[in-house]
Amino acid sequence: MPIAEAAIPITDWGYRRSDVTYDVVGVRDGAFFRLDDHVRRFRASMETFRLKPPEDDAAIERVLHRCVALAGLRDAYVAMDCLRGRPPAGAPYHPAHARNYLAAFALPWISLVRPEVMARGAHLVVAETLRIPTRSVDPRAKNFHWADLTRGQFEAHDRGADFCVLLDEDGHVTEGPGFNLFVVADGRLATPDAGVLEGLTRQSVIELAREMDLAVAVRPVTVAELRDADEILLVTTAGGIMPASRIDGRIMSNDRPGPVFRRLHDAFWEKRGAGWHATPVDYASIHA
C-alpha cells in the first residue's frame, strides 16, 4: 500500500512501549548494499529483544525486494521493523505472549545531512546528556530508545550546531543520533568499541581504510581525542561517509571537509558503483 496509508494499532506495544527493533538497508542504482549483513543484524537484534516473527531470513529478504519493486525505486531507503504486538484476548498480559510481526517500507533514498552541510562539514557538540547505559539497553541491537539522543539534539540546536555526540558514564565517546563516529589524528583513524551500534557503514569504512593502508583501530575513544581530532567522520546508511568541520566550536581542517574524509568518501562510492557488497533488486517480484 502507499506508505501514507500504512498503520499500526495505537494500542500496539511497539508504539506504546517502544518495544520494537528495526534495521535499514540502502539501495543505490537498483542494488541493495550489504543486504545479507543487514538481515543478519536484524535477526540478531530480534533475538536480543526476544522477538520472533513467523518469517525466516529468506522471507524477510523477499519482502524487502518486493517493497522496492512495488515502489518502483532505483535509489531507496528500505526499513524493516519487528514490533512486539499485543497478547491476544484471554492471554496473560505479558510480552512473552504477544504476537510479534514485521513491517517494512521503501522510501526514496535520503541523507542524514543536507547538501550544504555535506559541503561545509557538520558542526558538532558534546552533549551533557549521557548515553543510556549498555547494561540497560544494548546499543548493538537497533532500537527506538531515543530519549537520550533526542535530548542531546535539543542541546545541539540550542548551541547552534547540527548534531550532538553522546558520551558514556566513563567519559568515552559513543555515537550520535543515527550515526557512528571516526576520529582522525595524524592520519590514523579510531572508532569507539563499546556503547555503539556496530554499523555496517562503519564496518565498510574499517574495510576500506585497511585496503588503503590507513591505520584504523576499534577501541575506547576519549572525549579529549574527539575535541582535539584533525577530522571527524560521521558514517551511516542514510548518507554514507559524512564530514564534520567543527566540534564544540573548534574549527578543524580550515572549516571544510578534510583530506582523509575525501579519500574514504570517494573510494566508498566508487566501490559501491562497482557492485561492492551489492545484491541486485528483484524487480520481477512485483509480479509475484
Side-chain angles (χ1 to χ4, degrees), residues 24 41 111-113 117-118 120-134 137-140 142-143 146 148-153 155-156 159 161-210 214-253 256-265 267-268:
V24 175
R41 186 176 64 181
S111 176
L112 189 65
V113 302
V117 176
M118 192 75 173
R120 65 160 164 81
H123 298 170
L124 309 176
V125 298
V126 177
E128 294 184 7
T129 302
L130 296 181
R131 192 76 170 102
I132 295 173
T134 58
V137 178
D138 186 348
R140 294 173 300 177
K142 286 178 75 71
N143 59 76
W146 271 55
D148 51 353
L149 294 166
T150 299
R151 183 174 173 180
Q153 275 299 83
E155 290 186 46
R159 293 163 62 183
D162 300 304
F163 298 108
C164 66
V165 178
L166 269 56
L167 308 179
D168 66 16
E169 296 172 298
D170 297 320
H172 290 116
V173 175
T174 63
E175 56 193 354
F179 56 82
N180 291 121
L181 286 164
F182 285 82
V183 297
V184 182
D186 298 323
R188 303 172 67 88
L189 292 90
T191 189
D193 64 341
V196 301
L197 175 73
E198 294 176 348
L200 292 170
T201 308
R202 170 180 175 265
Q203 180 59 35
S204 299
V205 171
I206 292 169
E207 294 172 8
L208 269 178
R210 290 172 176 164
L214 291 169
V216 59
V218 181
R219 59 168 176 77
V221 174
T222 67
V223 65
E225 288 181 274
L226 180 73
R227 287 180 169 140
D228 293 339
D230 298 329
E231 297 181 49
I232 300 171
L233 313 181
L234 320 178
V235 300
T236 178
T237 292
I241 305 172
M242 304 169 294
S245 59
R246 297 186 185 185
I247 175 69
D248 283 345
R250 183 179 77 84
I251 293 173
M252 302 176 290
S253 300
R256 307 298 290 178
V260 174
F261 158 74
R262 293 188 185 283
R263 286 185 64 191
L264 286 167
H265 174 272
F268 177 78

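The figures that follow rest on heavy atoms only: side chains count, while hydrogens, waters and symmetry mates do not.
Checked for salt-bridge contact, Glu225 and Arg219 meet the test: a charged N lies under 4.0 Å from a carboxylate O. The existence of a salt bridge linking Asp162 and Arg246 is excluded, since no basic side-chain nitrogen approaches an acidic carboxylate oxygen closer than 4.0 Å. For the pair Arg188 and Asp186, the salt-bridge criterion is not met [side-chain N within less than 4.0 Å of a carboxylate O].
Distance CZ/Phe182 to CD1/Ile241: 8.0 Å, rounded to 0.5 Å. Atoms NE2 and CG, from His123 and Asp248 in turn, are 12.5 Å apart once rounded to the nearest 0.5 Å.
Counting all heavy atoms, side chain and backbone alike, Ile247 lies closest to Val126 at CD1-CG2, 4.0 Å. Between Val221 and Thr191, the closest heavy-atom pair is CG2-C, 3.9 Å. Nearest heavy atom pair, residue Arg41 against residue Leu200, reads NH1-N, 3.5 Å.
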Would you mind writing out the side-chain donor-acceptor pairs for residues 163-170 within the sub-3.5 Å range, not counting sequence neighbours?
from, atom 1, to, atom 2, distance (Å)
Asp168, OD1, Asp170, N, 2.9
Asp168, OD1, Gly171, N, 3.0
Asp168, OD1, His172, N, 2.9
Glu169, OE1, Arg135, NH1, 3.4

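Residue Arg151 qualifies as open at atom CZ: its count of foreign heavy atoms under 6.0 Å is 12 or below.
A donor-acceptor pair is defined here as one N or O able to donate and one able to accept, closer than 3.5 Å; such a pair exists between the side chain of Glu155 and the backbone of Glu128. Between the side chain of Arg131 and the backbone N or O of Val196 there is no donor-acceptor pair closer than 3.5 Å.
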Side chain to side chain contact (heavy atoms under 4.5 Å, CB included) evaluation trace for Met252 with Glu231: CA-CA 6 Å; Met252 302 176 290; Glu231 297 181 49; 5.7 Å; no

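Applying the ring-ring contact (aromatic ring centres under 6.0 Å, His included) rule to Phe261 yields the partners His265; only residues at least two apart in sequence or on another chain are considered.
The closest side-chain heavy-atom distance from Val205 to Leu264 is below 4.5 Å.
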